[in-house]
Structure formats: structure tokens, C-alpha cells
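Down below is the structure, laid out as C-alpha cells.
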Protein chains: 2
Amino acid sequence: MASARQYAGGANGNRSLERGIEILRAFRPGVDTLGNGEIAERTRLPRSTVSRLTKTLVKFGMLDEVPIERNYRLAAAVLSLGHGFRMGSPVLKVLGPLMRAESTRRRLNVGLASGDRTMMVYLESIRYNPRPTLRSIVAGQQVPMELTSLGRAYLAALPDAARDRLIGQFKRRNAAVAKTLNADVQKSIRAVKRYGYCAVSWQPGVLAVATPIVLDGLPVYALNMSMQDIEPSEALSAEMGEYLMAFADRCKHTLSGPRDELFQA
Amino acid sequence: MASARQYAGGANGNRSLERGIEILRAFRPGVDTLGNGEIAERTRLPRSTVSRLTKTLVKFGMLDEVPIERNYRLAAAVLSLGHGFRMGSPVLKVLGPLMRAESTRRRLNVGLASGDRTMMVYLESIRYNPRPTLRSIVAGQQVPMELTSLGRAYLAALPDAARDRLIGQFKRRNAAVAKTLNADVQKSIRAVKRYGYCAVSWQPGVLAVATPIVLDGLPVYALNMSMQDIEPSEALSAEMGEYLMAFADRCKHTLSGPRDELFQA
DNA sequence: TCGCCTGATTCCACTTAGTGGAAATCAGGG
DNA sequence: CCCTGATTTCCACTAAGTGGAATCAGGCGA
């Protein structure tokens, strides 16, 4: 007898699809391959259900089987989707070239990100290096929202309800440091509201500043600049903040110019 | 009364999940945003069903709503998945650095791709340019399997059944040129089997050569080299073929060395 | 080599979750 | 303000999905 608890089905969504997506999301950087058992544990789904869903995901190209180890890894189709996302993003289309030029001009890293649950996802992260061949561009990398300037700038621009919901999740996730962390987050958010940007050094020797980009009818983005192998200081923060705000102004100007292009092909 | 035709459900898969994935796949480069109506047309699904599934996809971060136009676009989470795929790919982990070095050394484009349905998907495409700042790396781009050296090398290495299924799809898709195209494809496949690689010029002024990479327990990959703004010729094909085969040998050697690393973290 | 043992897959009766046509709602333009 | 075209919600229906139990496969130790 199925003891299944109710799923508020009907018009509210689709349970199987939700579960399938959760399975895909169980594959994060660091966990390259997962077997049905591990997936079942992580997603807290019955094993038979997982078995069926992974089969479907394989059939539709989202997962590859690794028969030798009886497990799965993400398949090439997810990369196409990611590429589609980047190509379809009007903001990236406009800001990408500007960001690359600015990275070279200022000799620092420039990034554009948006939120996904409790993480920030880089649409593009341009890693500056004095040697041109060592510069690189990364897309899709995740960084924690509550610990980074990027995430805090994003939070500052979010509608109150959404922000509060997220902050609740940070607390639940890491109750130990919730107090002090929350204070830091609030401070950054106030900084964004007052000065337009916030500065955070969450990795030793790295200083980052970030500012939100808000466009009507589009998700909130955050733009950052960062340098590594430096000594974080007030003065440096202020200087990078200047650069960032000047750049963000140019970005917003460019974005608001041919606004139609944002929504047309 | 639901006139729904049977879906061979049960152990064979999950219909809702299939449909949800098809909706995501409807967003291809070129179609940045889609409304529920267009999605319904393209996927041939009932509108109410699409409405429910898109709602779920939004809730789980795979789609963003564009309320102003009442439609959807791919969301940041798909980019994370793509990044996860790249980070989790043991082959790319090993070959990426080699490919970048080889691109610089030989002054040409180097790419690694795998198949997704009837398209090839670049895990990495390194675009050589004399000016280092203009070099770029792209991931996730799709190119047609039957028209490219990449795709034909891939086909040549596929198990017979899978290859025949795909060739059937090419024919169905474009019955007009099926004859001549099929001959070309077969010729390329024979070239791969005889010489290890095939050469194709499917874009004017661009010549590409490709060879398959087959590893036990992993999907088939194809490695290519290409040059643009040149005059395709037999001699050039042969030269690039030499380079490619030499490089592929090094790749295979590197891959088979620490084989464990392919499957371990 | 053989048989245990762990984990994946398939089976199957149950019923909930999903379906799709129709009605209601919404947004936008004339 | 009403009309129009599209989208969302409603709702009765039942097929599709579910999950526990049985079966199967494959690796390991004896």
C-alpha cells in the first residue's frame, strides 16, 4: 500500500519533473559520478524511482552511463543547454565585450553572475593574467552567495521577500556562525545601498568588489572586479570600488541604450 | 474523456520528465525566448501541460520568466550543470591542457566534441588567432554531425547499430540530398577507418580534419583541428592529418597512462 | 570454482498524480 | 470600454507513476 504523502499536484507543478531535475542537480563539481544508490540517498528518493528517472535522463541525453562502475555522469546535452543560455542572454551579449576590454585595461578580474538558489553562478568570469595566454574565461562556476561580494551585491538588489527567504536558508544551513555571518552580510548590503558596491575578501590574498545590475523584466545580476595575490586594504577597496562604479555606469548606459536589442533577437 | 494514447510507462521511463527535458531542449541558440504557446507548438504538447511544466522548470531554476513578454528563457542553473559536466569530464581534464598547447604550437584551432542526438557538441573548441587576446575557448556549441569532420569521425567509431540509427535520421531529415550526402558520409567513414582521420570543408575557406577517441566505458569523442581563411587542398588535408594523428597518439598515450585517474576523483 | 552478499532493476497491485478539453482569466490594443 | 488572442485554472477521469517486494547481476572471499 503506497504510503506516499500527498503531492499538491495539479496546477502547481509536476513532481516527476521536479525529481528529475533534483537528480541532475545532485551532480555538482566535485561529485563527478553517482550511482543510483548515492543519488537515492542524496535526493531522499526511493531507489526504484531513481532507477526509472535516471533511465529517462540517459535516454534524453542528460546523463551518460558509466557501465564499468554502474553509475552516471552528466552528458553533453547539459553543456549545449548552458551554451544556449549564454548565447540567449542579452545582458551577457552586451556586457561580455565590455568586460573583456575592462579586464585588460584595469588588469584585474571581471565577472558577471546571477543567483541560483543559495549560490551565485558566473555567466562569465574573466581571469586576468599579465601573460595573455594565461588569461581565461570561465562560465557556470558557482560561489557561495552569502560569503562573496558578488552574492551580497545580488542580495542587496533583491526584493525584500526573496532576500529574507535566502537569508533564512543561510542561517539554517550554518547555524553555528549565523550570528556573525548575518552581521557581515547586513553590513555589505548596507554598503551596497549607500555606496553602490561592497568589498569582501573571502579568500586570503583576494579582494573583490561587486555591484548589482538591475534591469526591468530580467533577473538581478551582479558585476564584480577582483585581484589576487594582494594585500586587502581600505584604500585598495576604495580604488577598486571607483573603477567598478565607473564601469557599471558605462554598462548600464550601454544596456539602456538600444533597449530593444535586449528583448529582440 | 482523456483521449491520451498510451505511454509505455512503468519501468521504461517517465513521461513528464521526458516532456520537461524536451521543453528545455526547445531553447536552442537562435531561439532565445519562447512563450508557452510556441513551446506547445514545437514540442506538440497540449498547452495546459506545457503551462504546468514550465512552471515547474521555473520553480527549479532551469527557466527564467520574462514577464514583460510572457515568455521564458534558459536560467542560470543550466549553466552550472554545463560547468559541472566540464569539470566532471575526465577526458577534458586530461586533454584540455594538451589541446591548448597544441593549438598554440601548430597555430590552428583544436576541438574536442561528443555526440548529442544528431549534433556534435564541443566540450572545448580552441579558436586560434595570431593575436593572443583574440584567441577564445568555447564550450557547448553544436555543429551538425553529418556535415562535419568531427561528426563523421564520431560516426565512424560508433557501434554499427547506433551509427545506422543516426544515418537513418539524417536521411529522414533531409531526404532531398540524402543520396549524395550519404555517399560523402560513407566516404569519410571509410577514410577514418583507413587513415585514422577524415577531412571535410563544410564552410568555405575552412578545412577541418578529425579523428575519433574511443575509451572503454566512456562515450565516443572526436578530436579535430581546423584552419580558416585558407584554400582547402589535398596537400593541406594531408599535412593537417599528420599533425592530428600525431597529436591524437599523444592524447591516447596520456589518457591510457594513469587510467585510474579517469575514473577516480 | 562456487556460492554468498550487496546493490541495482523489474514486477505488480494501488491510487495518486498528471492529463487535456473546456471554461475562466488576463493583458493589450483599438 | 469592449473585444481578441493567448494563457492559466478547473475538473472529472484514469493512465501513468509509485514504492515495497521479488528478482537479478556481479564482485569477493573462501
Side-chain angles (χ1 to χ4, degrees), chain A residues 1-23 26-27 31 33-60 63-73 216-217 260 263-264, chain B residues 1-23 26-27 31 33-60 63-73 216-217 260 263-264:
Chain A
M1 64 213 69
S3 70
R5 55 278 153 109
Q6 237 85 302
Y7 171 77
N12 304 303
N14 180 296
R15 189 173 59 159
S16 312
L17 180 52
E18 290 182 359
R19 290 171 163 191
I21 294 173
E22 278 312 317
I23 289 177
F27 292 84
V31 322
T33 70
L34 286 173
N36 279 334
E38 290 164 291
I39 295 173
E41 278 176 43
R42 281 164 202 259
T43 57
R44 311 207 149 267
L45 293 174
R47 316 197 116 178
S48 47
T49 300
V50 170
S51 186
R52 262 176 281 126
L53 294 176
T54 51
K55 191 177 294 185
T56 301
L57 290 168
V58 168
K59 190 161 66 160
F60 280 68
L63 291 180
D64 277 333
E65 285 191 79
V66 187
I68 195 172
E69 282 293 342
R70 264 159 168 258
N71 51 22
Y72 302 92
R73 60 164 31 102
D216 211 52
D260 296 332
F263 295 105
Q264 304 298 335
Chain B
M1 66 210 68
S3 71
R5 54 275 151 109
Q6 236 85 300
Y7 171 77
N12 304 302
N14 181 295
R15 190 172 59 158
S16 312
L17 180 53
E18 290 182 0
R19 291 171 161 189
I21 294 173
E22 278 313 315
I23 289 177
F27 292 85
V31 324
T33 70
L34 286 173
N36 279 334
E38 290 164 291
I39 296 173
E41 279 177 43
R42 281 164 202 259
T43 57
R44 311 210 150 265
L45 292 174
R47 316 200 115 165
S48 48
T49 300
V50 170
S51 186
R52 264 176 279 126
L53 294 177
T54 51
K55 191 178 294 185
T56 302
L57 289 169
V58 169
K59 191 160 66 160
F60 279 69
L63 291 181
D64 277 333
E65 284 190 80
V66 187
I68 196 171
E69 281 292 342
R70 267 165 164 255
N71 51 22
Y72 302 92
R73 61 165 27 102
D216 210 53
D260 297 331
F263 294 106
Q264 304 298 337

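Protein chains get the first letters and strands the later ones, always in sequence-line order, with residue 1 at the start of each.
- Distance CG (A:L53) to P (D:dG17): 9 Å, rounded to an integer number of Å.
- In terms of heavy-atom proximity, A:N71 sits nearest to A:L34 at CB-O, 3.0 Å.
- Between B:E18 atom CD and C:dT19 atom P there is a gap of 11 Å when expressed in whole angstrom units.
- Side-chain contact between A:R19 and A:T49 is present, with at least one heavy-atom pair separated by less than 4.5 Å.
- Between the C1' atom of D:dA16 and the CG atom of B:L17 lies a distance of 14 Å, rounded to the nearest Å.
- Of all heavy-atom pairs spanning B:N14 and B:L17, the tightest one is OD1-N, 2.9 Å.
- Taking atom CZ of residue A:R15 and atom C1' of nucleotide C:dT15, one finds them 11 Å apart after rounding to whole Å.
- For the atom pair A:E22 CD and A:L53 CG, the distance stands at 11.5 Å (nearest 0.5 Å).
- Counting to the nearest Å, the P atom of C:dC11 and the CZ atom of A:R52 are 12 Å from each other.
- Phosphate contact (OP1/OP2 of C:dA17, side-chain N/O of B:S16, threshold under 4.0 Å): absent.
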Fill in: Step-by-step side-chain contact (heavy atoms from CB on, under 4.5 Å) determination, A:R42 to A:V31
CA-CA 12 Å; A:R42 281 164 202 259; A:V31 322; 3.9 Å; yes
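- Residues B:I23 and B:Y72 form no side-chain contact, since every pair of their non-hydrogen atoms from C-beta on lies 4.5 Å or further apart.
- A:V66 approaches A:R73 most closely through the heavy-atom pair CG2-NH1, 3.7 Å.
- A sub-4.0 Å separation between OP1 or OP2 of D:dT18 and a side-chain N or O of B:N14 is present.
- Whole-Å rounding puts the A:E69 CD to D:dG27 P distance at 9 Å.
- Looking only at side-chain heavy atoms (C-beta outward), B:L57 and A:I21 come within less than 4.5 Å of each other.
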All N/O pairs under 3.5 Å across the protein-nucleotides 3-9 of chain C interface:
unit_1	atom_1	unit_2	atom_2	d
C:dA8	OP1	A:G37	N	3.2
C:dT9	OP2	A:N36	ND2	2.1
C:dT9	OP2	A:S51	OG	3.2

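- Terminal axes of the helix from C:dT1-D:dA30 to C:dG30-D:dC1 (five pairs each, C1' rotation axis) are separated by 40°, to the nearest 10°.
- Residues B:S51 and B:R47 fail the side-chain proximity criterion, which asks for heavy atoms closer than 4.5 Å.
- One interatomic measurement links the two molecules: CG of B:L45 to P of D:dA6, which rounds to 18 Å at whole-angstrom precision.
- A close approach under 4.0 Å does not occur between any side-chain nitrogen or oxygen of A:R19 and OP1 or OP2 of D:dG17.
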